[in-house]
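Structure record follows, encoded as structure tokens.
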Amino acid sequence: MASVVEVQNVDKHFRLHKQRHKSLKDRVLHPGQGSFTDLHVLQDVSFNVGAGETVGVLGRNGSGKSTLLKCICGVLQPTSGQILVRGELAGLLELGAGFQPELSGRDNIYLSASMLGLSRRKVDGLIDEIVEFSELEKFIDSPVKFFSSGMYVRLGFAVAVTANPDVLVVDEVLAVGDERFQAKCMDRIRQFQADGRTILLVSHNADQVRALCDRAVVLEKGRLVADAPAGEAVRVFREHLLGGATVSKETNQIDGGVVIESMRGSNGSFMAQTGQRFEFEVTISSKLPVEGSFMMELYSQAGKLVVRTDPTQTPVSLSPGTQTLSVAIEDLPLMDGSYQVNLGIVSAEGNSVIAWREQIAALEVSYVGRGAGLVALRLNVH
Ligand SMILES: Nc1ncnc2c1ncn2[C@@H]1O[C@H](COP(=O)(O)OP(=O)(O)O)[C@@H](O)[C@H]1O
Ligand SMILES: [Mg+2]
């Protein structure tokens, strides 16, 4: 298979000015001394993307994913190494990248389409389709500085997909915006795949990577630690996320043997109330007896980790066959909102993943009271 994108031994350094306040005397006596910090953000990164492949990029915040995509899109130059791209590439980078705040949505469409190599004439023919896809008809002639982040994404995605590039590069942005629009973007991405085009996708949603990608690479502190089929890469990512354990043959054997089948609220729903007890049941099947720990993560609507429980506090013994764990959250300390639930069975020390389910449910928390904020703080005043 011919490579469409080749990343060869790429390094990227950022030089940061130290924020240290220097006195005038210091500046005169030691001009320029120690005034830079060197940030080594990408280290010897190499991988290829073949024609028609969809490749995911996984990694913790700050691991260098966006920097890598910017280098591939030509927005940043690698400090050393080489990047080759064959064909037309359209990048949907971090929010708002490439938009001019003072210009209208319409003018920004022309501007970003011209950066993708489309002539004004070509955009004239496509503009209705772009605006329609973005569903921003009413706002398209207002300056984009008044747009919400969701509106930025709509506009950027509409331009990028309508330009019909050979290679589409998408950075995380699909997590923004409402579910219906996300689903529409997903449909478009699947259509892209069916057309045999190439996609490079950063996502923090492991299920999305599993569902969409053929392969994924995992970045850890700027280094490529895995380049593997999507399911395998997700597992490596999870292990790094949890404690930096390396892939072992043993966990390989266990992986696939333990499956978190389902989660069910004991009251028949996922409705919970601030300050109340919330109980649920988790059905797990296991091929082997496993001594492990149960773990739960909650993410906010905005994709922020709200809590990851301490696995050392919740040991579980699984026996071969299907079993149900009963779990209770005491005095739910969250204010109202919808929280995505991830569940895991991890090794007893918590540093490798035995089974994982991403977004198994959405917990809907309602709050009656006059407090506000993110967490429910119970005060004892004497
Ligand atoms: N323009 C920049 N100047 C200086 N440091 C940067 C710049 N862009 C990113 N970084 C730093 O590089 C590291 C990787 O960032 P990034 O590529 O955005 O990671 P990710 O997308 O995986 O969260 C972070 O430590 C970030 O602070
Ligand atoms: Mg990023």
Side-chain angles (χ1 to χ4, degrees), residues 5 7-20 34-47 49 54-81 83 85 89-99 101 149-150 152-153 156-157 160 168-177 182 185 189 199-206 208-209 212-213 215-228 230 233-234 236-242 244 297 299-306 308 358:
V5 179
V7 178
Q8 294 164 354
N9 311 105
V10 164
D11 267 53
K12 178 72 190 172
H13 293 257
F14 286 112
R15 270 186 123 198
L16 299 181
H17 286 275
K18 278 199 176 138
Q19 292 288 337
R20 200 151 53 99
S35 54
F36 287 106
T37 312
D38 182 74
L39 210 58
H40 200 170
V41 174
L42 293 175
Q43 298 188 43
D44 198 23
V45 173
S46 301
F47 68 99
V49 182
T54 300
V55 175
V57 181
L58 291 164
R60 276 189 274 210
N61 275 342
S63 58
K65 304 180 298 293
S66 296
T67 305
L68 176 64
L69 292 200
K70 283 178 190 156
C71 288
I72 291 170
C73 294
V75 175
L76 287 174
Q77 285 299 316
T79 310
S80 63
I83 294 177
V85 177
L89 178 145
L92 195 49
L93 296 172
E94 286 171 314
L95 273 185
F99 284 133
S149 54
Y152 266 106
V153 169
F157 194 83
L168 180 66
V169 173
V170 183
D171 191 357
E172 211 130 31
V173 292
L174 290 181
V176 185
Q182 279 180 33
C185 293
I189 285 183
I199 303 172
L200 197 56
L201 176 84
V202 170
S203 170
H204 67 259
N205 179 338
Q208 199 172 69
V209 170
L212 283 176
C213 300
R215 253 172 60 213
V217 296
V218 182
L219 284 180
E220 175 77 358
K221 298 190 181 125
R223 289 178 186 278
L224 198 97
V225 294
D227 178 346
V234 165
V236 173
F237 169 54
R238 281 294 175 193
E239 294 187 354
H240 276 271
L241 186 112
L242 287 170
E297 286 179 348
Y299 278 85
S300 72
Q301 282 291 74
K304 286 251 183 301
L305 178 66
V306 177
R308 174 180 302 136
E358 198 74 6

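Counting convention: from 1, in listed order, for ligands and their atoms alike. Hydrogens, waters and symmetry mates are skipped; everything else that's a heavy atom, side chains included, is used. Nothing fancy with the numbering, it's 1 onward along the sequence.
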Partners meeting side chain to side chain donor-acceptor pair (under 3.5 Å) with Thr54 (sequence neighbours left out) = Gln193
Arg60 heavy atoms within 4.0 Å reach ligand 1 at atoms 22 (O)
Between Gly222, Gly59, Gly62, Ser66, flag the one that comes closest to atom 24 (C) of ligand 1 by a heavy atom.
-> Gly62
Does ligand 1 have any atom sitting under 4.0 Å from a heavy atom of Gly64?
-> yes
Ile189 vs Phe157, side chain to side chain contact (heavy atoms under 4.5 Å, CB included): CA-CA, chis, key distance, verdict | CA-CA 10 Å; Ile189 285 183; Phe157 194 83; 4.0 Å; yes
Give, for atom NZ of Lys70 and atom CG of Leu42, the distance between the pair rounded to the nearest 0.5 Å.
-> 11.0 Å
Ranking Leu39, Thr67, Leu42 by closest non-hydrogen atom to atom 15 (O) of ligand 1, top hit is Thr67
Pairing of Asp171 and Lys65 as salt bridge, 4.0 angstrom limit = no
With a cut-off of 2.8 Å, does Thr67 place any N/O/S atom under that distance from the Mg ion (ligand 2)?
-> no
If you measure from each heavy atom of Lys70 to ligand 1, is any distance below 4.0 Å?
-> no
Residues passing the side chain to side chain donor-acceptor pair (under 3.5 Å) test with Ser203, sequence neighbours excluded, are Gln208
